[in-house]
Protein chains: 2
Amino acid sequence: MGMNDVADTPAGHLLVVDDDREIRGLLKRYFTREGYRVSTAANGVEMEQIVSNWKIDLIVLDLMLPGRDGLSLCRELRKSTHVPIVMLTVMGEEDDRIRGFEGGADDYIAKPFNPRELLARIRAVLRRTRMVAPTAERAHGRVLCFGDWRLDLGMRRLTSSDGTLVDLSTAEFDLLTAFAEHPQQVLSRDQLLDLARGKLEIPFDRKIDMQVSRLRHKIEEDPKNPTLIHTVRGGGYMLTAEVLIDEKPAA
Amino acid sequence: MGMNDVADTPAGHLLVVDDDREIRGLLKRYFTREGYRVSTAANGVEMEQIVSNWKIDLIVLDLMLPGRDGLSLCRELRKSTHVPIVMLTVMGEEDDRIRGFEGGADDYIAKPFNPRELLARIRAVLRRTRMVAPTAERAHGRVLCFGDWRLDLGMRRLTSSDGTLVDLSTAEFDLLTAFAEHPQQVLSRDQLLDLARGKLEIPFDRKIDMQVSRLRHKIEEDPKNPTLIHTVRGGGYMLTAEVLIDEKPAA
DNA sequence: GCTTTGTGTTACATTCAGTTACAAACTTTT
DNA sequence: AAAAGTTTGTAACTGAATGTAACACAAAGC
């Protein structure tokens, strides 16, 4: 899991700027495991050096830095580049939050933080800034066919090949869509959460399990022995079927 | 999954840079046995010579070198090439770890190290930097046939030639897939772990033995006298059967 | 033969996923 | 706006898959 998760392509190159060595180490390890390439810097000078040498996709910036504070750095970066920034601040300082956003940060999170949450926010920011809004992709009356099913993304309906309409809840539909758009690929719970919701969420670890279970009961012949959504222990879930794209809406 | 770490094509060309002759020898022997091509260098000058003459896939670089230290070498290499680098450092120097990463190393390991762990990390780095999706490759409705068995990689199912479906766990399936994709080849436990899991793992030495045992009980006629998965004492295991690839899914 | 090393296996521990049952949030109806 | 229904979230329980240890035995070396 994190799978690592998905060893695909590195998900992006992050830069962590914090003077606390432990935090740098922690984040580095965590994000690396999650498939990101990670560089770190302890202060503004190091940061600038790295930023000028690499194509950075996102910066995690601590508000409190020796010498130059994070806020002014953030403001300045904003002028020169378009690299999205996520701010880190100490707990409870409501003020900082506001100031962080004013400085042009794309998101903000307070220490002590949950790495999972930070990761979720980072994904969300990357998604926003890369403008691959999950909803935009799927918005085109496309119909995805797999197994016996036709999943109409425009109508947001699932029909069986014999024409029966199956009633899916929003969450179920989104989840199934996530699977259908990434067939034959192991998707971690984090990824699914991310793909299905498309917005920041601090999940109960097993939301997805539950959702998968519910979905299985609706689309699998025998939910106990699923043939469509396969579970990969320690990894996540995978839609095993081949998916065909049909541009015309279901009859 | 690396289709490339097969005996005929070397899994990659590694360069070990360390002034300690013993370490060079050890790593050279170990990695060569694991299917890698290995060059060694004792200092920065030798290293540069080799790097400019060969296509190197990964460099194992000691932090402590005579003359020029590894860290500055690492930083410099980073600017000129994209060769991934794994740093070696003496135990316990947290500082070094951080500096190693900041210098642009892709991974880091402390001496005295477990060669097995180093190998695992090297594989992980190669996988990351080559951007090969472990699952994506195998995802093509391919069916591998051997002995009486049909292993459907898309469906993730194992069926007997008479149509009986055998229930394999995820780990068992992955292991069998590893065998089927490298038939008639002795695979070390490390290789199997890597092929089957595709992610960094520092294993209990006998995970694989256990898994093989369990697998045998499911697919061998007489598990005590296996005909498919053969044990190579001191080496690992080997699938003796010939494997045919069938593009069509099982009926 | 006896020792050493490596493998097979049994038996148990641990981790992880599936599910039930209920609580909380959200919608719709009245 | 209260009530009823629906969907989603959480916890706790259960069983299955996998990891670990320990022991038995076989092969290789002496």
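The figures that follow rest on heavy atoms only: side chains count, while hydrogens, waters and symmetry mates do not. Numbered from 1 within each chain, the chains take letters A, B, ... in sequence-line order. Computed from a prediction, not measured in an experiment: that's the story for all the values here.
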Any Lys/Arg nitrogen of B/Arg216 or B/Asp222 sitting under 4.0 Å from an Asp/Glu carboxylate oxygen of the other? no

Could you report the tightest heavy-atom contact between A/Gln191 and A/Val186, atom names first, then the distance? OE1-O, 3.9 Å

Check B/Arg189 with B/Asp194, please: is the shortest side-chain N to carboxylate O separation under 4.0 Å? no

In whole angstroms, how far is the P atom of C/dT9 from the CG atom of B/Asp205? 18 Å

Between C/dG8, C/dG18, D/dT18, spot the one nearest the side chain of A/Thr231, thanks. C/dG18

Counting only heavy atoms and a strict 4.0 angstrom limit, can you tell me which residues of residues 206-215 of chain B come near DNA chain D? B/Arg206, B/Lys207, B/Met210, B/Gln211, B/Arg214

Looking only at atom types and distance, does a side-chain atom of B/Glu172 sit under 3.5 Å from a main-chain N or O of B/Ser169, one as donor and one as acceptor? yes

Atom CG of B/Asp174 and atom P of D/dT18 are separated, to the nearest Å, by 9 Å

Report yes or no: do B/Arg206 and B/Ser213 form a side-chain donor-acceptor pair below 3.5 Å? no

Side-chain contact check for A/Tyr237: nearest option of D/dA17, C/dG18, C/dG8 is C/dG18

Out of C/dT7, C/dG8, C/dA17, which has the shortest distance to the side chain of A/Arg189? C/dA17

Interatomic distance where CZ belongs to B/Arg156 and P belongs to D/dA17 [whole Å]: 14 Å

Angle of first-five versus last-five pair axes in the helix from C/dG1-D/dC30 to C/dT30-D/dA1, to 10 degrees: 20°

When rounded to whole Å, the CD to P distance for the pair A/Glu172 and C/dC26 reads 18 Å

Which atom pairs link the protein and nucleotides 3-5 of chain C when you take only N or O atoms and keep those under 3.5 Å?
unit_1	atom_1	unit_2	atom_2	d
C/dT5	O2	B/Arg233	NH2	2.9

Hey, is the main chain of B/Asp18 close enough, under 3.5 Å, to the side chain of B/Arg24 for a donor-acceptor pair? yes

Has the side chain of B/Gln184 got a donor or acceptor atom that lies under 3.5 Å from a matching backbone atom of B/Thr240? yes

Distance only, no hydrogens: is a donor on one side chain within 3.5 Å (strictly under) of an acceptor on the other, for A/Thr227 and A/Glu220? yes

Atom-pair distance (NZ on B/Lys224; P on D/dA27), nearest Å: 13 Å

Can you tell me if A/Asp162 and A/Ser160 form a side-chain donor-acceptor pair at under 3.5 Å? yes

Between C1' of D/dA17 and NE2 of A/His230, the distance in whole Å: 12 Å

Please state how far atom CG in A/Asp167 lies from atom P in D/dT7, giving the value in whole angstrom units. 6 Å

Which pair of non-hydrogen atoms, one from B/Leu165 and one from B/Arg157, has the smallest distance, and what is that distance? CD1-CD, 3.6 Å

The single option from B/Ile219, B/Val243, B/Leu176 that satisfies side-chain contact (heavy atoms from CB on, under 4.5 Å) with B/Leu151 is B/Leu176

Does B/His217 place a side-chain N or O at less than 4.0 Å from the phosphate oxygens OP1/OP2 of C/dG8? no

Side-chain donor/acceptor of A/Lys218 to backbone N/O of A/Asp167, under 3.5 Å: yes

Whole angstroms only, please: what is the CG-P distance between B/Asn225 and C/dT9? 10 Å

D/dT7, C/dT19, D/dT18: which one has an atom nearest the side-chain heavy atoms of B/Ser169? D/dT18

